[in-house]
Amino acid sequence: MAMALRCLRQLPPLFHNSLSGLVRPPLQVPLRHTTLMLNGCRQCVVHQTILTRHLATKKAKAKGKGQTQARVNINAALVEDIISLGEVNGEMKAVMEALKEEFGKNLNIRTSPGTLDHITVTTNDGKFPLNQLGQISLKSPQLILVNMASFPESTAAAIKAIRESGMNLNPEVDGIIIRVPVPKVTREHRESLAKLAKQLTNKGKDSLRKVRSNAVNQVKKAKSTVSEDTIKLVEKQIQQMTDDTAAEMDKLLAGKTKELLG
């Protein structure tokens, strides 16, 4: 009986021990070690943040390659004592318009009465557009007529101007009528016009760079009265205006080249 009682007393501890094998108590860590672990985690977070920022910066730089920088938008009234940005913009637009005019004068492959309008005739009374001296009409796609009845004395000058227009034209005289045969547009002629378009564009960009250079030189004269940061900001605005105009020129050239070469 005593033996049986002793066995019963051993059951709870055995049962407890069996449960302890299944459910482990929480790990007790001394406070000092807990602080070290937390500090170690903080360091991990800091290192991870630095690494993330580093990678993000590298990705941003890689992604930003070839992309335009942040645009500048200066209030022209605030820097008018340094330079008139409105005047600079006007000069750049004038260069752009001059290029468009050159394209219209020299790169037109479509035959029309307006093909000869831009030709300037030098007379004893001054210089005049051909369409003010004679009546221009299209008899056929290959023949343009210029009636000089209003100013017959200017016929010889008009013929000379047409020959020297750079349009590869060889006018013929029939009394007061100037007959202008229009040569057939060949592939070679189209390619020649495309090269001329590029040359005209490069010439326009040279003029644009002169406008930019003059503007920047004017801004640098104000170094004694304004901060270096202001000077750099205005110069950046001028460069941005230059880049925008140059981009318009490239777009105009691309469109004209496509038109010429098909």
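From a predicted model like this one, the values you see are computed outputs, not experimental measurements.
A donor-acceptor contact under 3.5 angstrom links the side chains of Asp243 and Gln239, judged on distance only. Side-chain contact of Thr242 with Thr245: a donor-acceptor pair under 3.5 Å is absent, judged by distance alone.
Here the side chains of Leu130 and Ile136 are in contact, with some heavy-atom distance below 4.5 Å. Between Met249 and Val95, some side-chain heavy-atom pair lies under the 4.5 Å cut-off. Looking at heavy atoms from C-beta onward, Glu235 lies in side-chain contact with Lys220 at the 4.5 angstrom threshold.
Atoms CD1 and CG, from Ile162 and Asn170 in turn, are 10.5 Å apart once rounded to the nearest 0.5 Å. The distance from the OG atom of Ser207 to the CG atom of Asn202 is 11.0 Å, given to the nearest 0.5 Å. To the nearest 0.5 angstrom, Thr120 atom OG1 is 9.5 Å from Gln132 atom CD. Note that the CG atom of Leu196 and the CZ atom of Phe103 stand 8.0 Å from one another [nearest 0.5 Å].
For residues 189-198, every residue pair satisfying the salt bridge (Lys or Arg N to Asp or Glu O under 4.0 Å) rule, not counting sequence neighbours, is listed here: Arg187-Glu191. Each salt bridge (Lys or Arg N to Asp or Glu O under 4.0 Å) pair with one or both residues in residues 73-97, not counting sequence neighbours, appears once here: Glu97-Lys100.
More than 12 heavy atoms of other residues, nucleotides or ligands shown are found within 6.0 angstrom of CG on Asn75. More than 12 heavy-atom neighbours from other residues, nucleotides or ligands sit within 6.0 angstrom of CD on Glu228.
For the pair Ile74 and Leu233, the tightest heavy-atom approach, listed with the atom from each and the gap, is CD1-O, 3.4 Å.
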I would like to know whether Asp206 and Arg209 meet salt bridge (charged side-chain N to carboxylate O under 4.0 Å, His left out); could you show each step before the answer? CA-CA 5 Å; Asp206 288 340; Arg209 280 188 285 268; 2.4 Å; yes
